[in-house]
Amino acid sequence: MTTPDPATPLDPGSDLIQGVNGLPNAISLFFASKLQSVLDAHSVGDGERARAMSPYTLHAIISDQFPAVAVSKTHVYRLREGKALPRLDLIHALASIFEITPAYFLVEDLDLEHAKMIRPHHVPPDFDAKLRALVARYEVVSDIADTKPMTGYRLHQIIIREYPDIAVSKSHIYRLINGETPPERRPSAAIPRLDLIMAFAEIFDVSPAYFVDDEINISRSVARRHRRAT
């Protein structure tokens, strides 16, 4: 059996890339279906008592194995219902718990059977390095047809213009690009949410799996493109 190339994303389209202001949406429901599949595939108990893993049990495992991943029981239930969006640290935690590639939660054409054949990395790729590599290769085109390098400011302008339901600040974009340590009171300030990852993938014309798999590099998944600046 051959392992498929996990490079086909959920067919995003600008009308589907919605953030927390539009839940449930295509992305949250997509993730919910992926999460339900892994829960169904992992039974708890023996014999007649065996049952699919519940969000309650999953939350207990996350809290025990990944105490640095801040997630409540309510949030896990809402993820299963398509009423919430996960952050990247939680996606990596789930991949480790279920021993599958995190790309499973990001692309549509990678089923659970094949996802088990692509084990997660012991050390996940640095998201900031992945994003910086894309920003460095990208240009924007101004109204007077000249080209300028992509910057954190211009990337933020594209997001608020093309993905208005994604709530993200300029400072959050800068932290994601530069890998800056977030404020102690907000450790999640340097961790991207799934909707933002999907938006980045669409903007830079890469598979969302690029951000979680070192085997998917720029040369395979992106060509130098121009985007019109605001």
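A quick note: this is a predicted structure, and the numbers were derived from the prediction, not measured.
For S72 and T74, the side-chain atoms include no donor-acceptor pair closer than 3.5 Å. Donor-acceptor pairing under 3.5 Å is lacking for the side chains of D89 and H92.
Between the side chain of H156 and the backbone N or O of G152 there is no donor-acceptor pair closer than 3.5 Å. Panel note: side chain N178, backbone Y174; a donor-acceptor pair is recorded below 3.5 Å. Side chain of K116 to backbone of F98: no donor-acceptor contact under 3.5 angstrom is found.
Counting heavy atoms from C-beta outward, L106 and Y210 have side chains that stay 4.5 Å or more apart. Between Y153 and I173, the closest side-chain pair of non-hydrogen atoms is not below 4.5 Å. By the 4.5 Å heavy-atom criterion applied to side chains, F30 and N25 are not counted as neighbours. Side-chain contact check for L194 versus L88: every heavy-atom pair is 4.5 Å or farther apart. The side-chain heavy atoms of F204 and L131, taken from C-beta on, include a pair separated by under 4.5 Å. Contact annotation: the side chain of R154 approaches that of T151 to within less than 4.5 Å [non-hydrogen atoms, C-beta and beyond]. By the 4.5 Å heavy-atom criterion applied to side chains, F66 and I61 are not counted as neighbours. With a 4.5 Å cut-off on side-chain heavy atoms, F200 and I159 count as touching.
Scanning all heavy atoms of the two residues, the minimum distance from V44 to M53 falls at CG2-CA, 3.8 Å. Taking each heavy atom of A84 and L23 in turn, the nearest pair found is CA-CD1, 3.9 Å. Across all their heavy atoms, G82 and S28 have their closest contact at O-OG, 2.8 Å. In this structure, V212 and P102 approach most closely via the heavy-atom pair CB-CG, 3.8 Å. Residue I177 comes nearest to L155 through the heavy atom pair CD1-CD2, 4.3 Å, listed as atom of the first residue, atom of the second, then distance. Contact record, A201 with F211: N-CE1, 4.0 Å, taken as the closest heavy-atom pair.
Linking Ile, Leu, Val, Met, Phe, Trp and Tyr whenever their side-chain heavy atoms come within less than 4.5 Å leaves V38 and L29 in two separate clusters. Linking Ile, Leu, Val, Met, Phe, Trp and Tyr whenever their side-chain heavy atoms come within less than 4.5 Å leaves Y77 and L94 in two separate clusters. In terms of hydrophobic clustering, with Ile, Leu, Val, Met, Phe, Trp and Tyr side chains grouped at heavy-atom distances under 4.5 Å, L85 and I160 are assigned to different clusters.
Residues forming a salt bridge (charged side-chain N to carboxylate O under 4.0 Å, His left out) with K170 (at least two apart in sequence, or on another chain): none. Annotation: side-chain contact (heavy atoms from CB on, under 4.5 Å) contacts of E81 (sequence neighbours excluded): K83. Q65 meets the side chain to side chain donor-acceptor pair (under 3.5 Å) test with no other residue; sequence neighbours excluded. Here S37 pairs with nothing under the side chain to side chain donor-acceptor pair (under 3.5 Å) rule; sequence neighbours left out. Under the side chain to side chain donor-acceptor pair (under 3.5 Å) criterion, S54 pairs with T57, not counting sequence neighbours. Remark: D40 pairs with no residue by the salt bridge (charged side-chain N to carboxylate O under 4.0 Å, His left out) rule, at least two apart or across chains.
A distance of 13.0 Å separates OG1 of T147 from OH of Y138, quoted to the nearest 0.5 Å. Note: I62 CD1 to H75 NE2 = 9.0 Å, rounded to the nearest 0.5 Å. Note that CD of E202 and OG of S207 are 12.5 Å apart. Values are rounded to the nearest 0.5 Å. To the nearest 0.5 angstrom, R132 atom CZ is 8.0 Å from D126 atom CG. For the atom pair R87 CZ and I91 CD1, the distance stands at 10.5 Å (nearest 0.5 Å). If you take CZ on R80 and CG on L58, they are separated by 10.5 Å, rounding to the nearest 0.5 Å.
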### Query
Given L176 and L196, is the side-chain contact (heavy atoms from CB on, under 4.5 Å) satisfied, shown in steps?
CA-CA 11 Å; L176 293 178; L196 189 55; 3.6 Å; yes
### Query
Can you list the steps and then say if I197 with F127 is a side-chain contact (heavy atoms from CB on, under 4.5 Å)?
CA-CA 10 Å; I197 295 171; F127 182 88; 4.2 Å; yes
### Task
Apply the test side-chain contact (heavy atoms from CB on, under 4.5 Å) to residues T101 and L110: give CA-CA distance (whole Å), side-chain angles for both, the deciding distance (0.1 Å), then the verdict.
CA-CA 10 Å; T101 173; L110 184 59; 3.7 Å; yes
